[in-house]
*Asks:* 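Got a structure for you, questions after.
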Amino acid sequence: MTAISTPSRAPALRTPWLLTILLTGQFMAVLDVSIVNVASPVLRSDLGTSGSGLQMIISGYTVAYAMLLVTGARLGGRHGGRPLFLSGLALFTAASLACGLAVSAGQLIAFRLLQGAGAALMVPQVLSMIQTGFEGAARARALSLYAAVISGAAIAGQVLGGMLVSADLLGGGWRPVFLVNVPIGLVLLVAGVRLLPAAGGAPAARRPLDLAGLVTLSLTVGLLVVPLVLGHEQHWPLWGWAAMAASAVMAGVFALVERRAAAPLVPGRVFGAPGVLASALAVFGAMATYGGFLFAVALHLQGRLGDSPIAAGLTFLPGMVTFTVASLNWRRVPQHLHRRMIVASFAVAALGYLGLAAALSGGGHGQPLLAAAMAVTGLGLGGTFSPVLAVALARVAPSDAADASGLFVMVTQLGQVLGVATFGTLYLSRGSAAETGAALAVAALAAGACALPLLRARPGR
């Protein structure tokens, strides 16, 4: 594919410091999705929360984050990326402080929702400002770093979360996993005010917010996710099944609303860009399996096997290393093989999940197979996420950057929400990471099937 370029760019956005600010904000937002996984057993015992409450602490952030992402992107398109990035960063930082000081599960869930809202305002501006501030090879490199940061932060969260909980800084237990955001956020705010140009991510044509679309989409996802999160603990009541059935109806209503909307959440021309729809499906499938895998395995290691938080976090290290290597080097593969590489990488990830299932099926750690399976899984995921984003976004016009940003970050987070809800429920019901691993392998193969349409797209960029 050939990247679309425009004659004018904001020159200041090309400087390394500015890209560093944007990607560090992105890193923090994604880190907070996974960093809580390793802390979840300590959270459960310290706050006396139920299994469903624990899932809400983990997923509540992601639900708010995912639901408001498209609106955050639209606001950035209306008012400019700089003010929305800084406002979202300020809210995220303040909410992180509140999470670290929470004294009950209810408070923590509420503050996590605020954290997610802040992330939803901040994150879409990152991709939008990259899309409009870079062109050609520079944009391709920035997109590779962006994609590497998104998925690398998810794995890094497991390791950093384990280190912070095990260190028990000042007797804080799980609290440092939230408080670590505060000093970083404050530094980014000061640097952003000084270095982010006023023209960066400047508003384009002002389009109205699609409130009807936002409400119907939120209801659709809420009616599906809430019963999945609460169903196990409440023995799958009738209201849960009714809510999930209603979510399918609301999905149809959402489609009708968007078809008639003057300014839909995601314009049809974004979906019409080559590879965008297929890539969105692939990203959703990959992140659903990935989010569920992180949640279930973290609980298995610390629950059934009694690992310390840092030991559990370090178990994910081989995957983090191979993911980083694959994410940063996939462009060495010839361009005409990129789509085949993506599908092959999904198959590699599926093999990694199967290896995890085999390693954990005996009830122990299953080393060295567990480490090898983690490395294979990371390698496969690293060969999917970064290239899928780059292949799709290369044909999105800069004027649609905000909407495309909202779409891809939304499906990324919705995939993780569904993964945590579905596979978390399976783990809490069965208590066996082996069964969870087998289900993840099937889901990974299904996600690979979603990537197949990429093979039929026109080769090259």
*Asks:* What distance separates Leu84 CG from Leu121 CG, expressed to the nearest 0.5 Å?
*Replies:* 6.0 Å
*Asks:* Nearest 0.5 angstrom please: Tyr61 OH to Arg112 CZ, how far?
*Replies:* 7.0 Å
*Asks:* Does Gln125 use its side chain to pair, donor to acceptor, with the backbone of Gly80 at less than 3.5 Å?
*Replies:* no
*Asks:* Quick check for you: to the nearest 0.5 Å, what is the distance between His336 atom NE2 and Met341 atom CE?
*Replies:* 12.0 Å
*Asks:* Considering non-hydrogen atoms only, spot the tightest contact between Leu356 and Ala373 and give its length.
*Replies:* N-CB, 3.5 Å
*Asks:* Quick one: closest heavy-atom pair of Ala120 and Ala64, and the distance?
*Replies:* CB-O, 4.4 Å
*Asks:* Decide yes or no for Leu22 and Met129: does some side-chain heavy atom of the first lie under 4.5 Å from some side-chain heavy atom of the second?
*Replies:* yes
*Asks:* How long is the span from the NE2 atom in His79 to the OG atom in Ser87, to the nearest 0.5 Å?
*Replies:* 10.0 Å
*Asks:* With Val177 as reference, evaluate Leu160, Leu164, Asp32 under the side-chain contact (heavy atoms from CB on, under 4.5 Å) test and give the passing residue.
*Replies:* Leu164
*Asks:* Where do Thr24 and Val149 land on the side chain to side chain contact (heavy atoms under 4.5 Å, CB included) test, with the steps shown first?
*Replies:* CA-CA 8 Å; Thr24 303; Val149 163; over 6 Å; no
*Asks:* Could you grab the distance from atom CG of Leu196 to atom CG of Leu89, nearest 0.5 Å is fine?
*Replies:* 9.5 Å
*Asks:* Which atom pair, heavy atoms only, marks the closest approach of Gly380 to Thr384?
*Replies:* O-CG2, 3.2 Å
*Asks:* With a 4.5 Å heavy-atom cut-off, do Leu381 and Phe346 have their side chains touching?
*Replies:* no
*Asks:* Does the Thr322 side chain pair with the main chain of Ala375, one donor and one acceptor, at a distance under 3.5 Å?
*Replies:* yes
*Asks:* Please step through side chain to side chain contact (heavy atoms under 4.5 Å, CB included) for the pair Phe323 and Leu379, ending with a clear verdict.
*Replies:* CA-CA 5 Å; Phe323 179 91; Leu379 183 67; over 6 Å; no
*Asks:* May I have the step-by-step check of side chain to side chain contact (heavy atoms under 4.5 Å, CB included) for Val123 and Gln26, ending in yes or no?
*Replies:* CA-CA 6 Å; Val123 166; Gln26 176 79 58; 3.5 Å; yes
*Asks:* Using every non-hydrogen atom in the two residues, find where Thr315 and Met374 come nearest and quote the distance to one decimal.
*Replies:* O-CG, 3.6 Å
*Asks:* Tell me if a side-chain donor or acceptor on His338 pairs with a main-chain N or O of Pro387 at a distance below 3.5 Å.
*Replies:* no
*Asks:* Is there a donor-acceptor contact under 3.5 Å from the side chain of Ser247 to the main chain of Met244?
*Replies:* yes
*Asks:* Run the side chain to side chain contact (heavy atoms under 4.5 Å, CB included) test on Leu224 and Met250 for me, step by step, so that the C-alpha distance in whole Å, both residues' side-chain angles and the decisive distance to 0.1 Å come before the verdict.
*Replies:* CA-CA 10 Å; Leu224 176 63; Met250 286 304 304; over 6 Å; no
*Asks:* Is a side-chain N or O of Gln115 found less than 3.5 angstrom from the main chain of Ala119, in a donor-acceptor match?
*Replies:* no
*Asks:* Roughly how far apart are Ile35 CD1 and Met28 CE, rounded to 0.5 Å?
*Replies:* 11.0 Å
